[in-house]
Amino acid sequence: MFDIRLLRDDPVAVKAAMARRRADVDIDAVCDIDGRRRSAIYALEQLRARQNKAGEEIAGRKRTGQDAQDVITEMKSIKEEIASLEDQARQVDDDLQAALLALPNVPDASVPEGVNENDNRVERVVGEPPAFDFTPKDHVEIAERLELVDFGRAAKISGARFTLSLGAGALLERALINFMLDIHTGEHGYNETLPPLMVNSASMQGTGQLPKFSEDLFKVENTDYWLIPTAEVPLTNIHRDEILDVAQLPLYYTAYTPCFRSEAGSYGKDTRGMVRVHQFNKVEMVKFTTPESSWDELESLTANAETILRRLGLAYRVVSLCAGDLGFSAAKTYDLEVWLPAQNTYREISSCSNFTDFQARRANIRFKRGKKPEFVHTLNGSGIAVGRTVVALLENYQQEDGSVRIPEALQPYMKGKTVIANQG
RNA sequence: GGAGGGUUAGCAUAAUUGGUAAUGCACCGGUCUUGAAAACCGGCGGCUUCGGCCUUGAGGGUUCGAGUCCCUCACCCUCCGCCA
């Protein structure tokens, strides 16, 4: 939720922030609604004060056995006035809420200028892409030849953009999930959770998916349940409408969950394979922090995600999203992009963001250290996308005979296997 | 799915026939003390144009006035049914 005070105090700065994002929003209109709301509420409160005074008068007279009919008659007419003012106030308040919910977060000063992903800034490049003395195959060909994934039958069972992992392919996903969770819980201090995969509308609004982005989500018919597009939603909403003690902060949570995305608007993009699917597995990390520590926490969160890629020996780079490419709720985002030999490029495998107090305002997540409760800062990052990690492993560790080596760190999770070869 | 009971501040508990939310614990500040405890005093939800206004799970309704009466919904507990 956008802080209305920022708007009242410095509308020029807010306009500049929205321009950096290329957000199409009318800040003057929002300021105007805010002004009308405040005067409507003031008028309403004046009337209510009279009504409360009259109520005391009536109660006092009745207690002493006097007649109060004249005051009651007067209050009957005020009642109608109040009702009409209440309607006005409610209308303008709804308008303001809707306007504020539609405003994206303010980008941090360190976020690079730019319009789209071409303007993202490469922060660092880690590891060497592997050199092949043969032409590397893409993950679809590798997976099908090794019978790790059956795309045809997945389409029969469900439809396009679904996967059916089998045998060593299914084991590989399970191994990666356990590998990632063990590192985040054992070494990085995250609390393991297994959250609901369906959440209500209030939770979706709390993290910013609703009301603007419902077309990206799957809704369960005849209910108020939505399938989560990321574990960020249930994890961040763990503390919705709560006041935490400052001593509890920072709080770290991690979870493995399937994620469900409609991928509306991506027709024709990544139609092949398991890079862009309606259901994929992901390990997610979420942090609740004090405002002053959230920027350091973003760096360590990103480092936690990088640890997974390093242990698996995958080459990657870290990019800072430019203002125009930033997600709705984020103040700053680092994407981790893993090297994919068959595409001869880096592809997103993790996204780590600081949402500052934006989600905390929407979800009403506060902490107390003085007299007044303050909003926490929330952060989250993929730690990391499991399906795309499978893609990266298959492509980077493939051998000329079609088999795939298993990185050493993962072997204990793969029943000691060192290589996935054709079982036939 | 059916029946019954419940939801009041961080926690716990009150509120005559409807009359405008009381109290305890915890917590914070102060007095006292070498320090602490105890005791005592004050504070202890949000907003405010500092006049006030709002706050009893959510939203409606009746009423001059609703924690209280009526309706819808959410969640929790007990039992029955169904079920991995």
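Convention: sequence-line order gives letters A, B, ...; per-chain numbering from 1.
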Nearest whole angstrom, please: distance from the [atom2] of [N] to the [atom1] of [X].
X	N	atom1	atom2	value
Gln205(A)	A58(B)	CD	C1'	15 Å
Leu85(A)	C54(B)	CG	C1'	16 Å
Arg61(A)	U20(B)	CZ	P	17 Å
Glu86(A)	C53(B)	CD	P	14 Å

Tell me the partner of [N], counting only Watson-Crick (N1-N3 plus N6-O4 or O6-N4) or G-U wobble (N1-O2 and O6-N3) with both under 3.5 Å; none if nothing fits.
N	result
G1(B)	C80(B)
A38(B)	none
U7(B)	A74(B)
G65(B)	none
C50(B)	none

How does each nucleotide of nucleotides 61-75 of chain B score, in 5' to 3' order, for protein heavy atoms under 4.0 Å: base (B), sugar-phosphate only (S), or none (-)? --BBS----------
Anything under 30° is parallel, anything over 60° is perpendicular, the rest tilted; go ahead and classify His278(A) against Phe162(A).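 Taking Phe162(A) first and then His278(A), their aromatic rings sit tilted (interplane angle of 30° to 60°).
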Is the His188(A) to Tyr252(A) ring centre distance short of 6.0 Å?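 Distance test on ring centres: not under 6.0 Å, no.
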Aromatic ring centroids of Phe179(A) and Tyr413(A) under 6.0 Å? yes
For the [atom1] atoms, the ones on [N] and on [M], what distance do you get once it is rounded to whole angstrom?
N	M	atom1	answer
U13(B)	G67(B)	C1'	14 Å
A9(B)	G57(B)	C1'	14 Å
G5(B)	U56(B)	P	23 Å
G18(B)	U63(B)	C1'	9 Å
A21(B)	G45(B)	C1'	13 Å
A37(B)	G30(B)	P	12 Å
G42(B)	C32(B)	C1'	15 Å
C73(B)	C83(B)	P	27 Å

As a test of understanding, state which of Ser353(A), Ser351(A), Ser320(A) forms a side chain to side chain donor-acceptor pair (under 3.5 Å) with Asp335(A). Ser351(A)
Would the number of heavy atoms belonging to other residues, nucleotides or ligands and lying under 6.0 Å from CZ of Arg36(A) be above 12? yes
Atom pairs under 3.5 Å: protein N/O with N/O of nucleotides 43-52 of chain B:
{"from": "C47(B)", "atom 1": "OP2", "to": "Lys372(A)", "atom 2": "NZ", "distance (Å)": "3.2"}
{"from": "U49(B)", "atom 1": "O4", "to": "Arg38(A)", "atom 2": "O", "distance (Å)": "2.4"}
{"from": "G51(B)", "atom 1": "N7", "to": "Tyr42(A)", "atom 2": "OH", "distance (Å)": "3.4"}

Check whether any side-chain N or O of Asn237(A) sits under 3.5 Å from a backbone N or O of Ala363(A) as a donor-acceptor pair, and report yes or no.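 Absent.
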Whether Arg50(A) side chain and Met75(A) backbone form a donor-acceptor pair below 3.5 Å: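 Looks like no, no N/O pair under 3.5 Å.
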Which comes earlier along RNA chain B counting from the 5' end, the contact point of Ala59(A) or that of Arg50(A), where each point is its nearest nucleotide? Ala59(A)
Within-4.5 Å side-chain heavy-atom neighbours: Arg347(A) and Asp270(A): yes
Could you tell me if the side chain of Trp226(A) sits less than 4.5 Å from the side chain of Leu210(A), heavy atoms only?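 Yes, side chains in contact.
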Expected label for G51(B) (glycosidic angle, syn inside 90° of 0, else anti) would be syn
When rounded to the nearest 0.5 Å, the distance separating CG of Asn200(A) from CD of Gln205(A) is 10.5 Å
